[in-house]
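Note that the numbering runs from 1 along the sequence shown for the chain. Below, each value reflects all heavy atoms present in this structure, side chains not excepted, and no hydrogens, waters or symmetry copies.
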Amino acid sequence: MWVFLAFISACFLGLYDVAKKTSLRGNAVLPVLAASTAVSALIFLPVILSSLFGLGLFGDSILAIHRGSLQEHLWLILKAVIVLSSWICGFYGLRSTPLTIYGPINATRPVFVLLGAIFIFGERLNLLQWLGVIVSFGSLYLLSVTSKKGEGIDFRHNRGIWCVAAGTILGAVSALYDKFLMQRMDSVFVQSWFSLYNAVLMTAVMLILWLPGELRRRKAGNMSSEFSWRWSIPLISVFITIADFAYMYSLTVPGSMVSIISTIRRGSVIISFLCAALIFHEKNLKAKSIDLAIVLLGMLLLLWGSLA
């Protein structure tokens, strides 16, 4: 069950990356992120209001959540800080980086998750799972090298690459923190309140960091980082909401392993690769397709090992 949910999450994560890339092309980063987080908060607002005011809109369904203690809400505010930091770095990196390079770098996240899961949660992998992890990591490294050669981007001196790397590491921290939260709280409660806190924090970031600079640029007559609305922006929220719902619920299933779930989720690079070829017409696709075939092999080994 939890393996299937992880694959569902991976599919929507790939579509999420495509929606982000579409929204960010020639667009201001922070307003795009602010708009998408606002839509995510609106999706869960009925769930939150029903809980706060005892409206009973969702009966005894999975969407019926409790109000939560102060400690639980503080935990979720911390999650929002971690995730928002990861998203800001990732969005800036993705705007200036080809999707076929962004994907492989972001896909190295399970390396950090695996290390944390072993040392913090005491998780253990069987032989097939280890083979799947090793094949997946190796293939993603090869894909990263292939992308570097094809696009001629110097990873050591490129700000976009460093932003993607920072977002990836913070994303791994978030994944480990999610395992901690899922052992203590309901997944819908976490996702709904996190979405609200995320939107509130993003609004503060906009008011403090983006808006003053934008007003100064316009007053000086300089070209502003004008925001352009696109219908791909709400799709960012829809796709990440579905991906996170499947992901968080999978973590609550007895026997689930965050290291395996995180690795399977990185299979989203396959979907983003295909869309990068069909929609964005990115370069060096033939060489990268071989690496992607190895990524798929790693995912199948993980599935086989998890079901064994």
Side-chain angles (χ1 to χ4, degrees), residues 13-37 82-112 137 139-175 202 205-206 209-210 213-214 217 222-228 230 232-233 235-236 239-240 265-266 268-277 279-285 287-288 291-292 295:
L13 273 182
L15 296 174
Y16 165 67
D17 284 341
V18 174
K20 287 193 298 182
K21 185 65 176 178
T22 303
S23 302
L24 290 169
R25 297 179 80 183
N27 215 348
V29 173
L30 292 182
V32 169
L33 183 53
S36 63
T37 55
I82 296 171
V83 173
L84 188 59
S85 300
S86 174
W87 285 359
I88 290 174
C89 292
F91 271 56
Y92 271 107
L94 181 57
R95 185 180 64 171
S96 59
T97 305
L99 190 54
T100 47
I101 291 180
Y102 169 88
I105 296 175
N106 194 42
T108 62
R109 184 181 301 183
V111 175
F112 305 100
F137 294 169
S139 64
L140 294 172
Y141 170 76
L142 292 174
L143 183 57
S144 178
V145 171
T146 302
S147 300
K148 179 180 178 181
K149 291 180 179 179
E151 272 73 20
I153 296 177
D154 187 348
F155 280 27
R156 294 171 299 177
H157 302 99
N158 187 282
R159 288 185 178 181
I161 297 298
W162 281 104
C163 284
V164 176
T168 299
I169 293 173
L170 287 168
V173 173
S174 174
M202 190 62 228
V205 169
M206 285 286 292
L209 297 181
W210 184 80
E214 182 72 4
R217 284 188 293 271
N222 297 330
M223 182 180 296
S224 64
S225 52
E226 186 176 354
F227 169 63
S228 174
R230 296 168 189 172
S232 56
I233 293 175
L235 287 179
I236 295 176
F239 292 149
I240 193 60
R265 272 163 57 90
R266 292 309 105 197
S268 61
V269 67
I270 298 173
I271 293 178
S272 62
F273 176 89
L274 293 175
C275 292
I279 299 175
F280 305 119
H281 307 291
E282 294 189 4
K283 302 176 182 178
N284 202 28
L285 299 177
K288 294 174 184 175
D291 300 325
L292 277 173
V295 174

query: Listed by chain and number, what are the side-chain contact (heavy atoms from CB on, under 4.5 Å) partners of I271, not counting sequence neighbours?
result: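 Listed in chain order: C11, L15, C275.
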
Intermediate values then yes/no, side-chain contact (heavy atoms from CB on, under 4.5 Å), L33 and W210: CA-CA 12 Å; L33 183 53; W210 184 80; over 6 Å; no

Over all atoms of both residues, closest heavy-atom pair of [X] and [Y]:
X	Y	result
S268	L13	CB-CB, 3.6 Å
G90	Y102	O-CE1, 3.8 Å
L84	M202	CD1-SD, 3.6 Å
S86	G171	OG-N, 3.5 Å
S232	S23	OG-OG, 2.7 Å
F91	V29	CB-CG1, 3.6 Å

message: What verdict does the side-chain contact (heavy atoms from CB on, under 4.5 Å) test give for L94 and V164, after you've listed the backbone C-alpha separation in whole Å, the side-chain angles of each residue and the deciding distance to 0.1 Å?
response: CA-CA 7 Å; L94 181 57; V164 176; 5.7 Å; no

Side chain to side chain, I240 and W87, heavy atoms closer than 4.5 Å: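 With C-beta onward as the side chain, the pair touches.
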
- prompt: Are any non-hydrogen side-chain atoms of R230 and T22 less than 4.5 angstrom apart?
  reply: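 Counting from C-beta outward, R230 and T22 never come under 4.5 Å.
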
task: Test side-chain contact (heavy atoms from CB on, under 4.5 Å) on V269 and N106 and set out the steps.
output: CA-CA 9 Å; V269 67; N106 194 42; over 6 Å; no

Within the side chain of [X], is there an N or O that forms a donor-acceptor pair under 3.5 Å with the backbone of [Y]?
X	Y	value
K20	R95	no
S36	V32	yes
S174	L170	no
T37	A34	yes

- request: Look up atom OG in S272 and atom CG in D17, then write down how far apart they are to the nearest 0.5 Å.
  value: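 These two atoms lie 5.5 Å from each other.
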
message: Rounded at 0.5 Å granularity, tell me how far CD1 in I169 sits from SG in C89.
response: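 One finds 9.5 Å between CD1 of I169 and SG of C89.
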
field: Evaluation steps, side-chain contact (heavy atoms from CB on, under 4.5 Å), between Y92 and L30
entry: CA-CA 9 Å; Y92 271 107; L30 292 182; 3.6 Å; yes

